[in-house]
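For reference, the structure discussed in these notes is given below.
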Amino acid sequence: RPHPAPHHHRHHHHHHHHHHHHHGMSSASAAAAAAWNEMPSTEETAARRVAREESFGGLLRSKGFVWVIGRDEHCGEWSQAGNLMRFGTGGPWFCVLPRQGWPQEPEKVAEIERDMMPEIGDRRQELVFIGINTKREALSGALDACLCSEEEVADISSGKVVLDDPFYMWPDIQDIIDGGDEDEEEEGLSDVEEDEDEEDFDDEGDEVLPLVWQPGSVAEVTQGAAQLQRLLDDCPPTMLVLDWYAPWATACAEARSKVAALAAKFPQFVFARCNVEGSEDNEALAWQKVLVRPVSRRDSSKPVLKSGHKWPCFTLLRPPVMQLETTLAGPSALRDLQQELARLQEDEFPPGDYQAAAAAAPAPAAAAAAPSQAQQALLQQLKRGAGELKKHLQAGKESGMPLAVAWLTAAEAQVIGPQLCACVDDASAALGPGSSGGPLLLVADVGTSFANAELAAALKVTAYPTFHIYHDMKVVKSFKGDTGLSKLRASMAEMLLCQKQTQAASTSTSTSTSTS
């Protein structure tokens with residue numbers, strides 16, 4: 001059989017590596033891939049990462065289509081992020097689908113037809129690997145070793161050799177096709193190009209940020225399994241409620257305020273939310289725990305719940321173990337969650353015990369000394385992410401004033417709060433009375449809202465505290481770590497003094513011109 005012609009896609013990554021062959025995966029490599037279905041311990045996870053980096057370099061992400069020998073009607077779907085690997089069916093190859101199951105757009109039909117080869121149709125291996133300092137030759141060699149030879153293909157196809165296939169059984173292909181015809185709401189396998197405009201993945205070695213949770217509030221998970229585990233490790237002896245938030249699902253959006261109300265009603269329980277599209281880490285966690293691809297192969301696919309239920313979806317975990325103890329999903333999920341929390345409150349976690357523990361616990365960051373009225377005008381909280389920041393930046397551009405943003409955790413805000421007040425006092429002294437009509441320093445807590453978490457990710461804020469100084473809508477200075485605040489304080493005072501001198505000179509020139 002001839003090898004298919006390469007089918008190229010555009011990418012914006014450090015490395016991309018394509019294999020286009022008509023052969024399938026060997027049973028040995030299949031067994032290795034199947035082992036990823038097991039949940040490893042922390043030690044095993046670290047060991048796997050070291051082994052992966054030694055073998056293939058900084059391999060961060062891979063995804064694409066795979067043709068598995070013996071499963072010739074299925075388009076295998078491969079998705080890997082760090083140590084997390086998912087492999088399953090993405091539905092039938094187009095050569096297996098009846099023509100009426102193809103997309104109707106002429107350009108998409110033409111693209112499918114370009115992939116067709118005699119005897120094998122559009123079956124192929126098409127994988128994209130994303131990484132830093134990737135060992136391309138080692139990776140290519142490992143992939144080539146997975147390919148069947150012509151003799152193996154003939155022996156397996158004829159039944160001469162019985163394949164030891166370790167993967168879980170996939171649905172019958174006809175059931176997938178029939179199900180796709182009956183349910184127009186099901187969505188299917190999306191193309192490899194879906195991430196073509198994605199930013200490079202450079203967060204493999206990022207520090208895992210502490211997730212700040214306050215009783216009665218809902219914390220936002222932004223760094224997937226590692227951050228969730230850190231929250232579980234820091235939890236009091238209670239239950240953790242995890243809200244799996246799917247941005248495309250109306251039911252999830254409608255449930256947000258009700259989840260917040262439950263958090264306030266049951267403050268003895270830890271509440272957290274994981275946006276399943278919020279980050280690569282969140283996505284990988286969601287795929288491992290609750291998500292699966294829909295069986296029908298259609299454009300603009302969105303994942304569905306493994307349980308088969310509709311959204312919303314909540315899981316209960318018992319710290320410190322990241323094991324889903326109870327999963328509640330579907331239209332009755334909120335009611336069921338409230339009933340389960342009431343039962344747990346009655347049987348295991350009475351509010352009185354929580355209140356006694358809370359009384360003995362250190363005061364939260366909100367209890368720190370409040371700024372004076374004058375300081376409050378210059379020192380404000382950033383709570384609504386990019387939209388709110390943009391308004392402040394536009395106001396600063398119009399006034400010609402710099403604006404500082406301090407990215408902190410709630411615990412850090414409590415510690416350095418007095419120093420932040422001193423910083424705005426210095427700024428106020430440099431400007432003089434009545435010189436600023438808006439804030440000069442915004443305190444941004446990544447745990448305050450999902451919008452803040454999204455903004456921090458977009459700005460690549462990976463360490464806390466981090467300080468940015470903006471002028472004319474642009475970041476002109478950035479400081480991190482323990483010395484960052486002193487540098488911010490000095491830089492802001494210097495910039496504001498220069499701004500005051502510039503304004504004074506402008507006023508003097510205007511007065512001289514008027515007099516003459």
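In this chain, residues are counted from 1 in sequence order.
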Partners meeting side-chain hydrogen bond (donor to acceptor under 3.5 Å, both in side chains) with [X] (sequence neighbours left out):
{"X": "R273", "answer": "E220, D243"}
{"X": "Q419", "answer": "none"}
{"X": "S491", "answer": "none"}
{"X": "Q323", "answer": "none"}

Minimum heavy-atom separation for [X] and [Y], please, with both atom names.
{"X": "G224", "Y": "N282", "result": "N-OD1, 2.9 Å"}
{"X": "L441", "Y": "L403", "result": "N-CD1, 4.1 Å"}
{"X": "R61", "Y": "S79", "result": "NH1-OG, 3.3 Å"}
{"X": "A329", "Y": "S307", "result": "CB-OG, 4.4 Å"}
{"X": "F94", "Y": "D122", "result": "N-OD2, 3.1 Å"}
{"X": "E277", "Y": "P247", "result": "OE1-CG, 3.9 Å"}

*Residue from T327, T315, N275 passing side chain to side chain donor-acceptor pair (under 3.5 Å) with W244*: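 The residue from T327, T315, N275 that satisfies side chain to side chain donor-acceptor pair (under 3.5 Å) with W244 turns out to be T315.
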Determine yes or no for a side-chain-to-main-chain donor-acceptor pair under 3.5 angstrom, with [X] supplying the side chain and [Y] the backbone.
{"X": "E73", "Y": "L97", "value": "no"}
{"X": "K477", "Y": "A404", "value": "no"}
{"X": "T238", "Y": "Q268", "value": "yes"}
{"X": "S279", "Y": "T222", "value": "yes"}
{"X": "R123", "Y": "W93", "value": "no"}
{"X": "W407", "Y": "D445", "value": "no"}

_For F129 and T134: C-alpha separation, side-chain torsions, deciding distance, then whether side-chain contact (heavy atoms from CB on, under 4.5 Å) applies._
CA-CA 9 Å; F129 293 85; T134 306; 5.7 Å; no
_Assess the residue pair L139 and L143 against the criterion (side-chain contact (heavy atoms from CB on, under 4.5 Å)); give the C-alpha distance rounded to whole Å, side-chain angles, the decisive distance to 0.1 Å, and a yes or no._
CA-CA 6 Å; L139 184 57; L143 291 167; 4.2 Å; yes
When rounded to the nearest 0.5 angstrom, what distance separates [atom1] in [X] from [atom2] in [Y]?
{"X": "F65", "Y": "D115", "atom1": "CZ", "atom2": "CG", "result": "9.0 Å"}
{"X": "E53", "Y": "I132", "atom1": "CD", "atom2": "CD1", "result": "10.5 Å"}
{"X": "F314", "Y": "C252", "atom1": "CZ", "atom2": "SG", "result": "7.5 Å"}
{"X": "L147", "Y": "E152", "atom1": "CG", "atom2": "CD", "result": "9.5 Å"}
{"X": "K487", "Y": "I469", "atom1": "NZ", "atom2": "CD1", "result": "11.5 Å"}
{"X": "L328", "Y": "L316", "atom1": "CG", "atom2": "CG", "result": "6.0 Å"}

_Identified side chain to side chain contact (heavy atoms under 4.5 Å, CB included) counterpart of L408 within the set L485, L420, T466_ = L420
*NZ of K306: more than 12 outside heavy atoms within 6.0 angstrom?*
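Enclosed.
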*Kindly indicate, with the supporting measurements, whether the criterion side-chain contact (heavy atoms from CB on, under 4.5 Å) is fulfilled by V68 and F87.*
CA-CA 11 Å; V68 181; F87 184 73; 3.5 Å; yes
[X] versus [Y]: any side-chain heavy-atom pair under 4.5 Å?
{"X": "L324", "Y": "V290", "value": "yes"}
{"X": "V241", "Y": "V259", "value": "no"}
{"X": "L228", "Y": "C274", "value": "no"}
{"X": "L232", "Y": "V321", "value": "no"}
{"X": "L285", "Y": "M322", "value": "yes"}

For [X], enumerate each residue passing the side-chain contact (heavy atoms from CB on, under 4.5 Å) test, keeping only those at least two apart in sequence or located in another chain.
{"X": "A154", "answer": "none"}
{"X": "L291", "answer": "V276, A286, W287, P303, L305, W311"}
{"X": "T250", "answer": "E254"}
{"X": "E388", "answer": "L382, K383, R384, H392"}

*Any salt bridge (charged side-chain N to carboxylate O under 4.0 Å, His left out) involving residues 312-322? Give me the pairs, sequence neighbours left out, ordered by first then second residue.*
R318-E325, R318-E348
*What is the ring orientation for H468 with Y470, classed by angle as parallel under 30°, tilted 30 to 60°, or perpendicular over 60°?*
perpendicular
